[in-house]
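Structure first, then comments.
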Amino acid sequence: MTRPALVLRPEPGNAATARRLEAAGLTVARLPLFGIVAIEWTPPDDPYDALLLTSANAARLAGPGLAVLQHLPVIAVGAGTAAAAEDAGLRIAAVGQGDGAQALSLAHRNGWHRILRLAARDRIFLPGVEDIPVYASEPRIPAPGTMRLAKSTVTLLHSPRAATLFRRLLERDQTLLASVRVAAISDAVAQAAGKGWDRSLIAAEPNDAALVQAACTLAIDH
């Protein structure tokens with residue numbers, strides 16, 4: 001028997017994750033707990049060596065101000081973010097295969113040390129990086145009782161905020177944590193989710209493909 005998967009991340013990432021899960025043969029329910037909105041920002045006057053992007057949303061939502069930064073080489077956290085940056089007219093210089101810390105290390109190895117990042121309002125800070133928030137992830141609280149659909153699912157957790165909110169909503173709707181299995185994209189996300197689940201598993205790498213693979217492992221009921 002195979003459990004269905006529940007995807008909580010915002011769009012358009014929610015649909016992309018759902019497609020991966022469906023391609024792997026899982027039934028998928030989609031319930032974005034956050035919505036992505038643009039934030040007004042002003043391009044900086046200071047010179048920078050490179051532009052760091054740790055989310056595709058930054059490239060999608062930065063708007064006209066992005067043109068001022070087109071001369072900077074871009075370090076993208078992964079292939080999806082690199083593709084969004086290229087679509088926005090930016091020049092990709094390096095692509096990471098992990099998280100923001102790994103991408104920053106990649107930038108340093110390439111000799112870039114004065115680094116600007118276009119980021120979310122709520123984010124994990126990186127040492128020595130100048131951040132400008134260009135988008136925000138706003139909670140979308142579902143109606144009471146909605147979270148009962150999570151029972152007997154494998155739920156994919158892409159961020160600490162999502163993990164914390166998901167747990168709180170399950171408790172609100174009196175849905176037993178022990179009826180849910182969770183796949184976390186990183187150790188930090190797993191820590192935010194806490195304990196008490198039927199089973200939990202951390203993705204082998206901090207990316208969506210590895211998270212889907214972890215969810216597929218959890219979906220199998222022996």
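Take Pro4 and apply the side-chain contact (heavy atoms from CB on, under 4.5 Å) test, not counting sequence neighbours, and it matches Thr27, Thr153. Judged as a salt bridge (Lys or Arg N to Asp or Glu O under 4.0 Å), and not counting sequence neighbours, Arg19 has no contacts. In this view, Glu130 satisfies the salt bridge (Lys or Arg N to Asp or Glu O under 4.0 Å) rule with no residue, not counting sequence neighbours. For Thr81, the side-chain contact (heavy atoms from CB on, under 4.5 Å) partners at least two apart in sequence or on another chain are Leu53, Ala56, Ala76, Val77. Looking at residues two or more places apart in sequence or on another chain, you find a side-chain hydrogen bond (donor to acceptor under 3.5 Å, both in side chains) between Asp187 and Gln191. Residues passing the side-chain hydrogen bond (donor to acceptor under 3.5 Å, both in side chains) test with Arg114, sequence neighbours excluded: none. The salt bridge (Lys or Arg N to Asp or Glu O under 4.0 Å) search around Glu11 returns Arg30, not counting sequence neighbours. Partners of Asp131 under the salt bridge (Lys or Arg N to Asp or Glu O under 4.0 Å) rule, at least two apart in sequence or in another chain, are Arg117, Arg123. Take Thr146 and apply the side-chain hydrogen bond (donor to acceptor under 3.5 Å, both in side chains) test, not counting sequence neighbours, and it matches no residue. With sequence neighbours excluded, no residue forms a ring-ring contact (aromatic ring centres under 6.0 Å, His included) with Trp112.
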Trp197/Ser179 under side chain to side chain contact (heavy atoms under 4.5 Å, CB included): CA gap, chis, key distance, verdict:
CA-CA 7 Å; Trp197 309 101; Ser179 71; over 6 Å; no
Residue pair Leu116, Leu69: steps toward the side chain to side chain contact (heavy atoms under 4.5 Å, CB included) verdict:
CA-CA 10 Å; Leu116 173 68; Leu69 305 175; 3.9 Å; yes
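Remark: Leu165 CG to Leu33 CG distance equals 5.0 Å, nearest 0.5 Å. Interatomic distance, Thr155 OG1 to Leu6 CG, rounded to the nearest 0.5 Å: 4.0 Å. If you take CG on Asp221 and OG on Ser152, they are separated by 8.0 Å, rounding to the nearest 0.5 Å. Atom SG of residue Cys216 and atom CG of residue Leu21 lie 6.0 Å apart, to the nearest 0.5 angstrom. Atom CG of residue Leu31 and atom CG of residue Leu169 lie 8.5 Å apart, to the nearest 0.5 angstrom. Taken from OG1 in Thr175 to CZ in Arg167, the straight-line distance is 13.0 Å, to the nearest 0.5 Å.
Closest approach of Asn14 and Val7 over heavy atoms only: ND2-O, 3.1 Å. Between Ala5 and Leu26, the shortest heavy-atom contact is CB-CD1, 4.2 Å. Considering all non-hydrogen atoms of both residues, Ile115 and Tyr48 come closest at C-CD2, 3.8 Å. Closest of all the heavy-atom pairs between Arg148 and Asp173 is NE-O, 3.6 Å. Heavy atoms only, all atoms of each residue included: Asn207 and Ala210 are closest at OD1-N, 2.8 Å. The two atoms that bring Ser137 and Phe34 nearest to each other are OG-CB, 3.1 Å, heavy atoms only.
The side-chain heavy atoms of Arg60 and Pro12, taken from C-beta on, include a pair separated by under 4.5 Å. Contact of the Leu177 side chain with the Phe166 side chain is not registered, since no non-hydrogen atoms from C-beta on lie closer than 4.5 Å. Looking at heavy atoms from C-beta onward, Arg9 lies in side-chain contact with Thr17 at the 4.5 angstrom threshold. The shortest distance between side-chain heavy atoms of Leu61 and Ile36 falls below 4.5 Å. Here the side chains of Leu218 and Arg199 are in contact, with some heavy-atom distance below 4.5 Å. Thr42 places none of its side-chain heavy atoms less than 4.5 Å from the side chain of Ile132. Residues Arg121 and Glu138 form a side-chain contact, since some pair of their non-hydrogen atoms from C-beta on lies under 4.5 Å apart. In this structure, the side chains of Arg161 and Pro139 come closer than 4.5 Å at one or more pairs of heavy atoms.
A salt bridge is defined here as a Lys NZ or Arg NE, NH1 or NH2 lying under 4.0 Å from an Asp or Glu carboxylate O, and Arg3 with Asp198 meets this definition.
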Can you list, pair by pair, the side-chain donor-acceptor contacts under 3.5 Å of residues 83-105, counting residues two or more places apart and other chains?
residue: Arg91; atom: NH2; partner: His71; partner atom: O; Å: 3.4
residue: Asp99; atom: OD1; partner: Ala101; partner atom: N; Å: 3.3
residue: Asp99; atom: OD1; partner: Gln102; partner atom: N; Å: 3.0
residue: Gln102; atom: OE1; partner: Gln97; partner atom: N; Å: 3.1
residue: Gln102; atom: OE1; partner: Gly98; partner atom: N; Å: 3.4
residue: Ser105; atom: OG; partner: Arg109; partner atom: NH1; Å: 3.1

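Across Thr54, Leu52, Asn110, a single residue satisfies side-chain contact (heavy atoms from CB on, under 4.5 Å) together with Ile75, and that is Leu52.
A donor-acceptor pair under 3.5 Å is absent between the side-chain atoms of Trp41 and the main chain of Pro133, judged by distance alone.
Other cluster members for Ile124: none, since no ILVMFWY side-chain heavy atom sits under 4.5 Å from it.
Residue Leu126 is not grouped with residue Ile185 when hydrophobic side chains (ILVMFWY) are merged at heavy-atom distances under 4.5 angstrom, including chains of intermediate members. A continuous path of Ile, Leu, Val, Met, Phe, Trp and Tyr side chains, each step under 4.5 Å between heavy atoms, connects Leu170 with Val189, placing both in one hydrophobic cluster. Cluster annotation: Leu72 is connected to Leu66 through the hydrophobic network of ILVMFWY side chains, with a link wherever side-chain heavy atoms come within less than 4.5 Å. Hydrophobic clustering keeps Val212 apart from Val154 (ILVMFWY residues linked when any side-chain heavy atoms are closer than 4.5 Å, directly or through intermediates). In the hydrophobic clustering of this structure, Val182 does not group with Leu201; members are Ile, Leu, Val, Met, Phe, Trp, Tyr whose side-chain heavy atoms approach within less than 4.5 Å, directly or through other members.
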